[in-house]
Amino acid sequence: MSGRPPSTRRVTGVAALSVVALVAAVVCGLAVGPTPIPVGRIVGALFAGVGVGHSTLSPLASTIIWQLRAPRMVLGLLVGAMLAVAGGTYQGVFRNPLADPYLLGVAAGAGLGATIAIVDVSGGLATPTWTPVLAFLGALVAVAVTWVVGGRGARTGTATLILAGVAVASLLTSAQTFLQQQGSPTSIARVYIWLLGSLASASWGSVLLVLPYVAVCVTVCVAAGRALDVMSVGEDESRSLGLPVARVRLIVIVASSLGTAAVVSVAGLIGFVGIIVPHLVRLLVGTSYRRILPISVVVGAAFLVLCDTVARTVLAPSELPLGVVTAVVGAPAFVLVLSLRRRAIT
Amino acid sequence: MSTVEVSGLSVRAGATTLVDDVSFNVEPGTWCTVIGPNGAGKTTLVETVAGLRRASAGTVAIDGELVAAMSERERATRIALVPQHPVAPPGMSVEDYVGLGRTAYHGVLRAPSAADRRIVAGVLERLELAPLAGRDVATLSGGERQRAVLARALAQSTRVVVLDEPTTGLDLRHQVTLLELLRAEVAECGLCVVATLHDLTLAAQFADRLVLLDRGRIVLDGAPRDVVRDEELARRYGMTLRVVDVDGTDVVVPVLSGVTAT
């Protein structure tokens with residue numbers, strides 16, 4: 001350990017690199033696929049979209065770009081940004097490096113909601129409409145129950161809240177598994193696909209659905225960076241320094257959970273982004289959440305779009321579940337981060 | 001200038017009474033140290049004075065305003081706390097750590113103002129921490145870290161500073177250095193200090209007034225010479241103690257078993 005936090009110059013360098021990665025991810029998200037479309041033409045079409053020059057894309061290529069790849073890429077940006085910043089925020093508010101966006105039961109609640117819609121025991125639910133709605137509601141109900149059972153974030157501490165999250169998640173996962181077993185083989189397969197996450201059903205409609213949640217929740221989480229830095233000295237010290245800890249905790253948990261619920265409802269349960277990205281960023285820019293959170297937004301967005309590009313091209317025309325790709329890329333990256341951190345400490 | 005008024009204060013945890021009907025006032029420019037054996041309720045008392053614990057009965061007021069009625073932000077501009085076991089977050093520079101003391105002034109949505117930065121720089125200078133400003137606070141030695149914690153409290157620009165065992169883990173030189181720095185602040189700025197200390201000799205040397213606490217109750221309250229009396233301390237600490245005058249300073253010496261006190 002050098003004994004000094006990373007310099008501003010280094011942080012600026014990392015921020016610039018993450019923006020480069022984001023641009024690369026956007027280009028890959030648009031250009032890479034079974035139908036090759038030259039990057040130059042895509043860039044020309046993008047400029048034409050804002051009134052500069054003419055698009056040289058064929059009608060088919062234009063449809064592929066604007067109706068298939070662009071909404072999927074934009075949704076990937078939103079999902080990745082939200083999961084990464086929510087994970088970083090949870091790690092800050094719970095002062096727990098193992099925290100991820102699903103800590104308080106969002107994943108289990110969304111999984112149960114989606115399973116109810118997909119298995120559709122009553123036969124009255126139209127899957128494409130009801131799956132995101134019930135997933136969203138399930139996620140919010142799960143977090144609300146965790147919050148109440150866990151003592152509403154009172155001074156009993158965050159450990160109670162985390163334990164309540166574990167209990168609620170276990171209960172809801174059991175219910176989801178039971179319900180899944182009652183379904184037909186087709187619905188079981190569809191539940192599995194949903195649980196592993198995918199952007200295959202992305203459309204401009206789904207982008208518009210989650211955009212307001214992501215915009216507001218990401219802004220709130222990033223703005224909480226300074227408060228999370230204060231909270232790094234512990235609850236009592238933070239309060240003695242003038243931080244309304246209970247209020248900050250509530251706001252941050254609501255923003256993280258609401259945004260996560262929104263993206264999970266349209267993209268399923270995508271793992272690893274929320275834990276690996278903030279850790280990777282922390283290793284590069286230090287422990288200040290004022291730095292970690294905004295850079296995590298950019299890195300998370302880039303990471304998910306790149307993973308999705310892999311997911312939809314490696315076995316084309318079939319797709320790999322996105323959660324599998326993020327885990328395959330994320331797990332080794334996580335191990336690498338941990339070993340680098342260990343080396344940095346020793 | 002601020003006066004701390006503790007009136008009929010009791011703190012209970014379940015059926016256990018930790019602080020029992022405690023009353024005392026601390027005037028501006030006065031250093032009051034609470035002493036007593038382990039479990040006497042010292043930490044509970046100072047944490048309640050600092051507004052971190054809720055009283056079961058009684059009040060703590062600063063210049064007539066109830067601490068319990070203040071918001072966290074308002075309280076942080078009136079009372080600063082040096083906790084017994086401060087957290088030194090890894091990766092945070094000493095300057096940023098001391099700057100946390102300005103949180104109540106600039107809030108958490110705005111960056112510190114030029115005035116905030118000036119105050120932090122001044123405190124770093126006064127406590128001889130300026131050369132360490134860029135260091136990771138978690139890599140400081142024990143003495144440096146305690147100075148950083150004191151600096152953070154002073155950066156809060158409060159008239160009342162509450163310290164809970166601020167010299168824990170420090171060697172004698174660093175204990176004295178830290179307490180001398182604090183004494184200089186009391187003299188220059190008219191601070192009102194409420195502290196706890198285990199070292200009775202240092203407590204007697206640095207405080208204007210001692211409050212001896214036992215089982216949550218005040219058993220003696222007065223000038224150090226009136227409180228540091230061997231028979232009273234021996235009774236409260238449950239061991240034989242001698243108070244020896246060394247060049248006009250009261251030194252408390254434990255008499256070990258098997259050693260005959262003469």
Side-chain angles (χ1 to χ4, degrees), chain A residues 1-11 91-93 95 97 154-156 219-249 251-252 278-279 281-293 341 344-345, chain B residues 43 46-47 49-54 70-112 132-140 149 152-153 155-156 158 161-162 164:
Chain A
M1 197 183 283
S2 68
R4 284 181 182 273
S7 65
T8 309
R9 195 170 154 191
R10 177 177 172 156
V11 175
Q91 286 162 19
V93 81
R95 296 177 68 214
R155 278 205 74 204
T156 44
T219 305
V220 171
C221 288
V222 170
R226 195 175 290 280
L228 295 179
D229 281 348
V230 179
M231 284 175 79
S232 65
V233 297
E235 179 163 346
D236 278 351
E237 286 187 57
S238 307
R239 289 169 62 221
S240 78
L241 292 167
L243 190 75
V245 174
R247 201 184 320 154
V248 168
R249 186 182 292 150
I251 291 170
V252 164
H279 271 296
V281 174
R282 184 179 287 109
L283 186 77
L284 296 171
V285 303
T287 54
S288 168
Y289 286 95
R290 277 177 288 144
R291 295 168 170 181
I292 292 171
L293 296 177
R341 172 175 279 194
I345 290 169
Chain B
T43 294
V46 293
E47 284 183 354
V49 169
L52 294 181
R53 273 178 178 266
R54 217 172 268 179
M70 295 177 189
S71 67
E72 280 98 344
R73 200 165 171 177
E74 188 186 354
R75 202 165 58 220
T77 62
R78 310 290 294 274
I79 313 169
L81 173 71
V82 174
Q84 188 171 6
H85 302 293
V87 177
M92 186 179 283
S93 73
V94 171
E95 187 175 15
D96 284 348
Y97 181 77
V98 175
L100 293 178
R102 302 302 299 167
T103 302
Y105 296 91
H106 58 70
V108 289
L109 295 177
R110 279 205 307 239
L132 304 174
R135 276 271 296 276
D136 182 337
V137 73
T139 67
L140 298 179
V149 180
R152 188 186 72 181
Q156 284 181 245
T158 58
V161 179
V162 174
D164 188 12

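Labels below follow one simple rule: chain letters A, B, ... track the order of the sequence lines, proteins then strands, and each chain is numbered from 1. Any value given below was found using the heavy atoms of this structure, including those in side chains, with hydrogens, waters and symmetry copies removed.
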With a 4.0 Å cut-off, would you call B:R152 and A:E237 a salt bridge? yes

Let's test your reading of the structure: which of B:G101, B:A153, B:A111, B:S71 forms the most heavy-atom pairs below 4.5 Å with chain A? B:A111

Quick one: of A:L241, A:V248, A:V233, who has the most non-hydrogen atom pairs under 4.5 Å with chain B? A:L241

Heavy-atom contact with chain A under 4.5 Å, split by part of B:H85: backbone

Most chain A-contacting option - heavy-atom pairs closer than 4.5 Å, from B:G107, B:P89, B:A104: B:P89

Could you check which of A:P244, A:G225, A:G286 has the highest count of heavy-atom pairs closer than 4.5 Å to chain B? A:P244

Can you check whether A:P5's main-chain N or O pairs, donor with acceptor, with B:D136's side chain at less than 3.5 Å? no

Counting N and O atoms only, with roles assigned by atom type, does the side chain of B:Q156 sit under 3.5 Å from a partner on the main chain of A:S240, one being a donor and the other an acceptor? yes

Quick one, B:V87 with A:R95, criterion side chain to side chain contact (heavy atoms under 4.5 Å, CB included). Give me CA distance, side-chain angles, the key distance, then yes/no. CA-CA 12 Å; B:V87 177; A:R95 296 177 68 214; 3.8 Å; yes

So which part of B:Y105 gets closer than 4.5 Å to some heavy atom of chain A, the side chain, the backbone, both or neither? neither

Give, as side chain, backbone, both or neither, the part of A:S288 having an atom under 4.5 angstrom from any heavy atom of chain B. neither

Heavy-atom distances under 4.5 Å only: say whether B:L140 touches chain A with side chain, backbone, both or neither. neither

Salt bridge check: are A:D236 and A:R239 linked by an N-O gap of less than 4.0 Å? yes

Quick one: do B:E72 and A:R247 make a salt bridge, cutoff under 4.0 Å? no

Who wins among B:G51, B:A80, B:P86, B:A50 for the most heavy-atom pairs under 4.5 Å with chain A? B:P86

Do A:R226 side-chain atoms and B:R110 backbone N/O form a donor-acceptor pair below 3.5 Å? yes

